[in-house]
Amino acid sequence: MLPHPGMNGAAPPTFQSLERKLGRAASRAISDFSMIDDGDRLLVAVSGGKDSYTMLHLLRALQRKAPVRFELRVVNVDQGHPGYPAHVLREYMQREGHDFTMIEEDTYSIVTEKIPAGKTYCSLCSRLRRGILYRVARELGCNKIALGHHREDVLATLFLNLLFAGQLAAMPPKLVTDDGSLVVVRPLVYCAEEDIRAFAELAAFPILPCDLCGSQDQLQRKAVGRMLDQIERDRPGSKTVILAALQNVHPSHLLDRRLWGALDLRVARDSQGGGSLADEVIPAQHIVRD
Ligand code: SF4
C-alpha cells in the first residue's frame with residue numbers, strides 16, 4: 001500500500017476533507033463529460049466494495065445540492081458465490097434509506113462450469129454481471145448506469161492495453177450501449193484509489209469480502225498495478241501526471257492514420273521554434289498550398 005499523505009508528517013485526512021476532495025473530483029468528471037442530466041434515473045451498481053460504496057455516498061451528496069434533479073436506484077447482483085453475505089448490504093441500504101434492489105442470479109455456477117480449472121473467471125463473470133445490470137436498468141426505468149471505476153482502474157487499463165493488446169486506450173468515462181438505450185458513466189475516474197480507501201475506512205462502510213468467487217488473481221492487472229505503484233514511489237505524483245496526459249492528447253503525435261483522417265490532419269508542425277505543443281496540430285483547412 002502506498003503511503004497516504006497523512007503518513008508523511010502532514011495531518012491525516014479527515015472524513016470531511018476526503019469527502020470534499022473526492023466530491024470535487026467526482027463533480028469535475030461528471031461535469032467534464034456531462035454524465036448526469038436533469039431527469040436522469042441512474043442505476044448505481046454496488047458490489048459491496050470500497051469503490052461503489054464511496055460512489056454511492058458521493059452521488060447522494062451531489063443529488064442533495066445539484067441544480068439538476070436525478071434519481072438513484074441502487075442495485076447489487078448476488079451472483080451465488082458460496083457464503084455471500086447479502087444481508088450485510090441489505091441492512092446497510094435499509095439503514096441509509098436507499099432505494100435498493102438485490103438481484104439473485106447464480107452466475108457462479110455458469111462460470112465454474114464453463115471455465116476450465118486454473119483459468120480466471122473474471123472475464124465471463126463480469127460480462128454476465130454487466131448483462132444483468134443492463135437488463136435490470138431497463139426494468140427499473142433507468143437511463144444510465146453508474147460504475148465505480150477509479151483513477152487506478154483507468155491507468156491500469158491504459159497500461160494493459162499498451163503492453164498486452166497493442167492499443168492506446170484507457171477506459172471511457174461515459175459510453176453508450178450498442179442499442180443506444182443506456183449510458184454507462186464512471187464518476188470516479190479522477191478519484192485516487194488511496195483517497196477512496198482512506199475514506200471508506202473512515203466511513204466504516206461494511207465492506208463485503210471479495211475472495212468468495214475463488215477466482216485466481218487477474219495476474220496481468222495486478223502486475224500492472226504493482227508497476228504503477230513502483231513508478232509512483234520512484235516519482236511521486238506520476239499517477240496524477242499520467243491521468244493528466246490522458247486529458248491532453250496530441251493526435252498528430254500518434255501514428256494512427258484513422259485518427260489523422262477523422263480529425264482531417266495533414267501534417268504536424270515542428271515545435272523546435274518554441275511553439276506550444278497545443279499549437280502543433282495544423283488542421284487541413286489551415287494549410288496554405290502552392
Ligand atoms: S473477482 Fe470474482 S466476482 Fe469479481 S469478476 Fe472476478 S470472478 Fe467475478
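Counting starts at 1 for both ligands and their atoms, in listed order.
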Checklist entry - Are there more than 12 heavy atoms of other residues, nucleotides or ligands under 6.0 Å from atom CG of Asp178? => result no

Checklist entry - Could Lys144 and Asp40 be called an ion pair, given the rule that one side-chain N must be under 4.0 Å from one carboxylate O? => result yes

Checklist entry - With the threshold set at 4.0 Å, does a side-chain nitrogen-carboxylate oxygen contact exist between Arg197 and Glu193? => result yes

Checklist entry - Does a salt bridge link Lys21 with Glu19, judged by any charged N lying under 4.0 Å from a carboxylate O? => result no

Got a list of side-chain donor-acceptor pairs under 3.5 Å for residues 122-129, not counting sequence neighbours?
residue, atom, partner, partner atom, Å
Ser126, OG, Cys122, O, 2.6
Ser126, OG, Ser123, O, 3.3
Arg129, NH1, Gln79, OE1, 2.7

Item to check | Residue and atom, protein N/O/S, under 2.8 Å of atom 6 (Fe) of ligand 1 | outcome: Cys122 SG

Checklist entry - Does the side chain of Arg60 pick up a donor-acceptor pair with the side chain of Gln63 at under 3.5 Å? => result no

Next on the checklist: Quick one, Tyr121 and Thr112 - any side-chain contact, counting heavy atoms below 4.5 Å?
Outcome noted: yes

Item to check | For atom 4 (Fe) of ligand 1, the protein heavy atom that lies nearest, with its residue and separation | outcome: Arg129 NH1, 4.2 Å

Item to check | Shortest protein heavy-atom distance from atom 3 (S) of ligand 1, along with the residue and atom involved | outcome: His81 CE1, 3.4 Å

